[in-house]
Every structure is written in C-alpha cells, then in structure tokens.
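Below is one structure, written out as structure tokens; the observations come after it.
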Amino acid sequence: MKVRRIVANIDTRKIEAAKSFYHDVLGLDLLMDHGWIATYGSNEQMSVQISFASEGGSGTSTPDLSVEVDDVEAALERVKKAGYSVEYGPMNEPWGVRRFFVRDPFGKLVNILAHVQAD
C-alpha cells in the first residue's frame, strides 16, 4: 500500500472565503466545487508529507499549514496587497528556509516558505 496524497481539510461554513486567499493570493486553481466542499490545488508534482511539531521553530507557534513557494518575496507582496497581516517574518531560518506566517480567512496559521541556497 502506498499513500498517494494527503489533503488538508479546513472546517468552515464560509467556503467561498477560501477564494480570496488560496486562489487570489496563492494562485491555486479551483479543482472541485460541490457547494459543501471546494478544493484548491495545482498540477505541480509534490511529495507526500505530514509533520508533527511541538512548535513552529524559532520559538513560534506551530502553523496549521505550510505552503512552499518558489518566491517568498512575491508571495509576501501578494499577501500584503490583499490586506492580510503577517504574524512572523519574513525570516531566514537556520535550517535553510526563508518564511513568514500569515492567517488565512479561517484563522489558520499558514507558514509560507521557500528553501534558500546556502552561501
């Protein structure tokens, strides 16, 4: 048996609010919409991962989701332009990522990150 994918499910009665963050800011496509569930995603190949943590690193709260992007600065600009408040960062972390934390429309803490090249 192989795990093929892992899907994060966020409980909400305001499904339409996902569009402003996950589509408009992060650029994910609406893959499925049945009214009671909307799934955003990408055709990008991704590895299957699930993390368990006692903190978010560097003394931060554990994020609900981590989203790896190719350009943290562009993501940060889009987040700010859309009116979302950054709760942490942007920071270069000692484990080789540049990241920031933002809350989505449902109050979930989202870690937006990119791996950085060591100098």
Minimum heavy-atom distance between Gly57 and Arg99, given as atom pair plus value =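 Closest approach of Gly57 to Arg99, heavy atoms only: O-NH2, 3.2 Å.
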
ask   = Closest approach of Leu28 and His23, non-hydrogen atoms and distance?
value =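 Nearest heavy atoms, Leu28 then His23: O-ND1, 2.8 Å.
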
ask   = Can Val69 be reached from Val25 by stepping across I, L, V, M, F, W or Y side chains whose heavy atoms are under 4.5 Å apart?
value =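 Yes; Val69 is reachable from Val25 via cluster members.
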
message = Please determine whether residues Val48 and Ile50 belong to a single hydrophobic cluster, defined as Ile, Leu, Val, Met, Phe, Trp and Tyr linked transitively by side-chain heavy-atom distances below 4.5 Å.
response =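 Yes, Val48 connects to Ile50 through the hydrophobic network.
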
task = Can you sort out the partners of Phe100 under ring-ring contact (aromatic ring centres under 6.0 Å, His included), two or more places apart, ordered by chain and number?
result =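 Result, ring-ring contact (aromatic ring centres under 6.0 Å, His included) vs Phe100: none returned.
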
Just wondering, do [Y] and [X] contact through their side chains at under 4.5 Å, heavy atoms?
{"X": "Val86", "Y": "Phe101", "value": "no"}
{"X": "Leu76", "Y": "Arg78", "value": "no"}
{"X": "Leu65", "Y": "Asn111", "value": "no"}
{"X": "Phe106", "Y": "Ile15", "value": "no"}

query = Hey, what else clusters with Leu113 if you join Ile, Leu, Val, Met, Phe, Trp, Tyr whenever side-chain heavy atoms sit under 4.5 Å?
reply =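 Other cluster members: Trp95, Val97.
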
Applying side-chain hydrogen bond (donor to acceptor under 3.5 Å, both in side chains), name anything that partners [X], two or more places apart in sequence or on another chain.
{"X": "Tyr88", "answer": "Glu93"}
{"X": "Asp24", "answer": "Lys19"}
{"X": "Ser20", "answer": "Tyr84"}

For [X], what residues pass the salt bridge (Lys or Arg N to Asp or Glu O under 4.0 Å) criterion, not counting sequence neighbours?
{"X": "Asp70", "answer": "none"}
{"X": "Arg13", "answer": "Asp11"}
{"X": "Glu73", "answer": "Arg98"}

Expected list for residues 29-41: side-chain donor-acceptor pairs under 3.5 angstrom, two or more places apart:
| unit_1 | atom_1 | unit_2 | atom_2 | d |
| --- | --- | --- | --- | --- |
| Asp33 | OD1 | Gly35 | N | 2.8 |

query = To the nearest 0.5 Å, what is the distance between CG (Leu26) and OG (Ser42)?
reply =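 So the CG of Leu26 and the OG of Ser42 are separated by 11.0 Å.
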
ask   = Rounded to the nearest 0.5 Å, how far apart are NZ of Lys14 and CD1 of Ile10?
value =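 It is 14.5 Å, given to the nearest 0.5 Å.
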
request  = Give every residue pair that meets the ring pair (Phe, Tyr, Trp, His ring centres under 6.0 Å) criterion with at least one member in residues 45-73, sequence neighbours excluded.
outcome  =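 Listed once each, the pairs would be none.
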
key: salt bridge (Lys or Arg N to Asp or Glu O under 4.0 Å): pairs with one or both residues in residues 37-66, sequence neighbours excluded   =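 Listed once each, the pairs would be none.
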
task = Measure from the side-chain N and O atoms of Arg103 to the backbone N and O of Lys108, and report whether any donor-acceptor pair falls under 3.5 Å.
result =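 Not at all, since once roles are kept as given, no pair shorter than 3.5 Å links the two residues.
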
message = If you apply the rule side chain to side chain contact (heavy atoms under 4.5 Å, CB included), what do you find for Ser61 with Leu109, and how did you get there?
response = CA-CA 9 Å; Ser61 297; Leu109 190 59; 4.0 Å; yes

key: Partners passing side-chain contact (heavy atoms from CB on, under 4.5 Å) against Lys81 (at least two apart in sequence or in another chain)   =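 Here no residue qualifies.
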
